[in-house]
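Here's the structure we're looking at; comments come further down.
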Amino acid sequence: MVLAVLTACAGPYQYYGGTGVHDTTAAEIAGAWENVEGTRMVLRKDGVARVEKLDGQDFDFEEGWRLSGTGTWQLKDRDSGQVVRLVLTARTRVDSRSPSRSADSSDPQPPSTYTWSFFVGRDQHDDVQLFFFYGDPDIGNTYMMARETKA
């Protein structure tokens, strides 16, 4: 019974084994990325990153803030697969996912710096995908970033 209670709260990211992808190069990661919520990030070849309206990872997503600014990124290789480590070092703007939220002084303040870990995967066409989990880990929501499409 105790084991069932302990494992019932083990959401996907808590035991996610990674994508197993180990062949992605930094040159493949460099470039512009976007998602359907209006998030945009540019990862330059020199390791500099610029993000616009990037939501928090895991439970931080529930806070509703979206950060914009500059920082750095690195492609890391782990036993379970590659990840992109993105560090926001200079926040330039904070947006809210839900504009109806009041600016209650008891609300937690958005962080001035933040670190994301994006899993590196490949789709059925072997194109690179970047994603992380957000919200309640038992639900397993993924925040997908795709190569920016030219308008």
Side-chain angles (χ1 to χ4, degrees), residues 7-45 47-101 103 107-151:
T7 58
C9 293
Y13 86 94
Q14 292 173 326
Y15 57 83
Y16 184 67
T19 61
V21 171
H22 294 280
D23 64 346
T24 306
T25 65
E28 287 179 282
I29 300 294
W33 296 83
E34 64 185 357
N35 80 2
V36 297
E37 298 295 324
T39 298
R40 185 169 188 267
M41 61 186 192
V42 176
L43 307 177
R44 293 185 358 193
K45 290 180 183 179
V48 172
R50 187 179 79 241
V51 299
E52 297 171 14
K53 299 181 181 180
L54 186 52
D55 293 286
Q57 189 168 351
D58 301 326
F59 278 115
D60 289 339
F61 182 85
E62 304 299 331
E63 299 299 325
W65 46 256
R66 308 184 83 200
L67 301 178
S68 297
T70 59
T72 60
W73 72 276
Q74 284 186 312
L75 177 62
K76 304 270 190 176
D77 201 348
R78 299 179 179 166
D79 289 342
S80 60
Q82 292 172 301
V83 295
V84 170
R85 187 97 164 146
L86 175 60
V87 180
L88 180 76
T89 56
R91 185 184 78 191
T92 58
R93 182 175 168 167
V94 177
D95 291 287
S96 177
R97 210 172 33 259
S98 50
S100 61
R101 273 184 85 165
D107 285 345
Q109 293 299 307
S112 57
T113 62
Y114 195 79
T115 301
W116 293 266
S117 290
F118 287 88
F119 292 103
V120 178
R122 292 197 180 268
D123 67 12
Q124 67 273 18
H125 303 291
D126 207 31
D127 292 330
V128 176
Q129 295 179 316
L130 300 179
F131 67 95
F132 62 76
F133 292 105
Y134 70 89
D136 184 340
D138 292 326
I139 296 172
N141 292 318
T142 53
Y143 195 93
M144 296 293 299
M145 297 296 294
R147 258 308 155 203
E148 186 174 74
T149 56
K150 302 292 182 202

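Note that the structure is a prediction, hence the values are computed from the model and not measured. Worth knowing before you read on, the calculation uses all heavy atoms, side chains too, and leaves out hydrogens, waters and symmetry mates.
Atom CG of L43 sits about 10.5 Å away from atom OG1 of T72, to the nearest 0.5 Å. One distance of note links CD of Q57 with OH of Y134; it measures 12.5 Å at 0.5 Å rounding. Considering CG of N141 and CZ of F61, their distance stands at 7.5 Å, rounded to 0.5 Å.
Applying the side chain to side chain contact (heavy atoms under 4.5 Å, CB included) criterion to V94, with sequence neighbours excluded, gives W65, L67, R91, P110. Partners of E37 according to the salt bridge (Lys or Arg N to Asp or Glu O under 4.0 Å) rule, which considers only residues two or more places apart in sequence or in another chain, do not exist here. Residues meeting the side chain to side chain contact (heavy atoms under 4.5 Å, CB included) test with M145, sequence neighbours left out: W33, N35, T39, M41, F118, L130, Y143. Every residue two or more places apart in sequence or in another chain that forms a side chain to side chain donor-acceptor pair (under 3.5 Å) with D60 is listed here: Y114. When the salt bridge (Lys or Arg N to Asp or Glu O under 4.0 Å) test is applied to R93, the partners found at least two apart in sequence or on another chain are D95. In this structure S117 satisfies the side chain to side chain donor-acceptor pair (under 3.5 Å) test together with R85, sequence neighbours excluded. Every residue was checked against the side chain to side chain contact (heavy atoms under 4.5 Å, CB included) condition with D79, not counting sequence neighbours, and none meets it. By the side chain to side chain donor-acceptor pair (under 3.5 Å) test, Q82 is found to be paired with T24, residues two or more places apart in sequence or in another chain being considered. Not counting sequence neighbours, the partners of T92 by the side chain to side chain contact (heavy atoms under 4.5 Å, CB included) test are S68. Evaluation of the side chain to side chain donor-acceptor pair (under 3.5 Å) rule for D126 yields no partner, not counting sequence neighbours. Legend: residues meeting salt bridge (Lys or Arg N to Asp or Glu O under 4.0 Å) with D77, ordered by chain and number and at least two apart, are absent.
Side chains of L54 and L88 form no contact here, defined as non-hydrogen atoms less than 4.5 Å apart. For the pair V21 and V128, the minimum side-chain heavy-atom distance is 4.5 Å or more. A heavy-atom distance below 4.5 Å is not found between the side chains of V87 and T113.
Around the CD atom of E148, the shell of radius 6.0 Å holds more than 12 heavy atoms that belong to other residues, nucleotides or ligands.
In the model, T149 has a side-chain atom that pairs as donor or acceptor with a side-chain atom of E34 under 3.5 Å.
Closest non-hydrogen pair, A49 versus W73, comes out as CB-CD1, 4.1 Å. When all heavy atoms of D136 and D138 are compared, the pair lying nearest together is OD1-N, 2.9 Å.
Judged by distance alone, the side chain of T19 and the main-chain N or O of V120 form a donor-acceptor pair under 3.5 Å.
Under the salt bridge (charged side-chain N to carboxylate O under 4.0 Å, His left out) criterion, the residue pairs touching residues 47-56 are R50-E52, D55-R66, D55-R97, with sequence neighbours excluded.
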Trace of the side chain to side chain contact (heavy atoms under 4.5 Å, CB included) decision for F132 with D58
CA-CA 8 Å; F132 62 76; D58 301 326; 5.9 Å; no
